[in-house]
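Everything below concerns the one structure shown next.
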Amino acid sequence: MTGTSEFLWYIPNDVKAGHRGDAETTDHNSLQTLTSHALALEDHGWTGALLGTGWGRPDTFTLATALAARTTTFEPLIAIRPGYWRPANFASAVATLDHLTGGRVRINIVSGQDNLAAYGDAEGDQAHRYARTREFMRLVRRLWREENVSFDGEHFAVAGSTVVPRITARGERLHPKLYFGGASEAAERVAATEADVQLFWGEPLDGVRERIERLKGLSKTLDRDLPPLEFGLRITTLVRDTTAQAWADAEAKVAAMAAGSGTNWNDHKRATAVGQQRLLDLHSQGDVLDDNLYTAPGKYGGGGAGTTWLVGSAEDVARSLRKYRDLGITQFVLSDTPYLPEIKRQGDQLLPLLRD
């Protein structure tokens with residue numbers, strides 16, 4: 001793949017053990033255990049990892065800060081929700097961590113529904129939710145790039161606000177990248193105008209191609225005033241030494257999911273968003289789409305990036321990821337369980353094939 005492609009992993013950020021089939025140990029979310037994941041990512045060729053968010057999970061920003069302090073190149077992709085943060089507080093926190101880490105921070109803006117009342121948030125319908133997200137992203141970017149910012153919007157306001165320390169430009173990177181997901185019309189309008197990277201879940205190639213073309217068109221129609229939108233893929237990659245072994249393990253995992261009613265897999269089932277529903281509907285087209293996109297997990301509780309899996313040998317999965325690359329995907333956020341051994345396996349077997 002080209003030198004512009006970047007490869008990140010996923011570090012589970014959960015109170016409960018056994019997330020998506022991970023090893024169930026009492027210290028699964030200790031600083032020592034999670035640091036071992038981050039250090040393994042550094043040692044096995046990964047850029048960094050996505051850290052998930054949601055009320056009822058450990059605080060994502062705190063975890064990212066702790067892991068960044070114990071590593072040297074690891075880049076946390078920190079998932080956050082606009083209703084959990086005020087824009088100026090958030091812009092300041094990110095600027096501080098970015099300064100302390102020498103520019104290693106990435107942000108994933110999440111607009112999906114959450115237990116808002118638990119942390120004192122409230123929001124209206126979908127249009128209101130995404131309007132707030134758009135305003136949040138626009139204001140945060142201004143606070144990073146401008147001084148003495150005054151803004152009086154529908155959802156947020158600041159007066160004479162200057163965030164310190166200032167974000168340091170590093171080549172073409174003027175500030176931490178803002179990743180964003182969502183497949184509804186409202187979400188795509190936000191992505192087309194405000195996001196740096198639009199993340200897709202594991203849809204078939206035709207679906208991703210269609211969405212990329214639509215988002216590029218929207219960027220022109222809505223007069224995007226930022227650099228061109230980049231595209232990313234968040235997906236489970238089940239890699240084994242042989243194709244046969246990979247499929248045997250994939251089918252065994254799905255059988256275990258079915259027997260356990262998807263326990264520890266359904267963390268995206270609080271409310272079925274448009275993008276999640278698109279994934280869940282795929283299995284009606286067949287258990288395997290394209291070359292090796294396995295849709296069966298979605299029948300038995302798989303949610304989000306666990307709904308569809310790319311299955312096969314390292315060569316099989318690399319071939320499929322190259323096809324997504326050819327559509328315009330440059331950011332890859334991969335994972336499989338158990339997380340720590342798979343960081344090493346896929347870092348050693350898969351990543352070298354993607355850097356040819």
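Hydrogens, waters and symmetry mates are skipped; everything else that's a heavy atom, side chains included, is used.
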Do the charged groups of [X] and [Y] touch, with an N to O distance under 4.0 Å?
X: R345; Y: E342; result: yes
X: E6; Y: R106; result: yes
X: R138; Y: D225; result: yes
X: K323; Y: D290; result: no
X: R209; Y: D206; result: yes

Exercise for review: If the plane angle is over 60° it's perpendicular, under 30° parallel, otherwise tilted; pick one for H19 and Y339.
Suggested key: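 Aromatic pair H19/Y339 classed parallel.
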
With a 3.5 Å distance limit and no angle check, can you tell me whether [X] reaches the backbone of [Y] through a side-chain donor-acceptor pair?
X: T295; Y: G286; value: yes
X: H28; Y: L34; value: no
X: E42; Y: T72; value: yes
X: D316; Y: S313; value: yes

Check your understanding: Going by atom types alone, do R234 and S335 pair a side-chain donor with an acceptor below 3.5 Å?
Key ->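 Yes, S335 and R234 have a side-chain donor paired with an acceptor closer than 3.5 Å.
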
Exercise for review: Measure from the ring center of F136 to the ring center of W85 and say whether it is less than 6.0 Å.
Suggested key: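 No, they do not, as the ring centres are separated by 6.0 Å or more.
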
Enumerate, atom names and distances included, each donor-acceptor pair closer than 3.5 Å involving a side-chain atom of residues 150-161, sequence neighbours excluded.
unit_1, atom_1, unit_2, atom_2, d
S150, OG, G160, N, 3.0

Any residue meeting ring-ring contact (aromatic ring centres under 6.0 Å, His included) with [X], in chain and number order, not counting sequence neighbours:
X: F200; result: F231
X: Y130; result: none
X: H99; result: none
X: H175; result: W144

Exercise for review: Decide yes or no on side-chain contact (heavy atoms from CB on, under 4.5 Å) for R145 and L174, but give the supporting numbers first.
Suggested key: CA-CA 8 Å; R145 298 180 62 176; L174 301 180; 3.4 Å; yes

Review point. What closest approach, in Å, do A38 and T71 show between heavy atoms, and which atom pair accounts for it?
Key: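 Closest approach of A38 to T71: CB-CG2, 3.8 Å.
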
Practice item. Answer yes or no: is there a side-chain heavy-atom contact under 4.5 Å between T237 and F332? Key: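 No, side chains not in contact.
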
Point to revise | Heavy-atom side-chain proximity of Y324 to L310 below 4.5 angstrom | key: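 Of all side-chain heavy-atom pairs linking L310 with Y324, at least one is under 4.5 Å.
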
[atom1]/[X] to [atom2]/[Y] distance, rounded to the nearest 0.5 angstrom?
X: L218; Y: K220; atom1: CG; atom2: NZ; result: 11.5 Å
X: E203; Y: T308; atom1: CD; atom2: OG1; result: 8.5 Å
X: Q245; Y: L238; atom1: CD; atom2: CG; result: 9.5 Å

Check your understanding: How would you list all residue pairs meeting salt bridge (charged side-chain N to carboxylate O under 4.0 Å, His left out) that involve residues 83-94, not counting sequence neighbours?
Key ->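 Matches after skipping sequence neighbours: none remain.
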
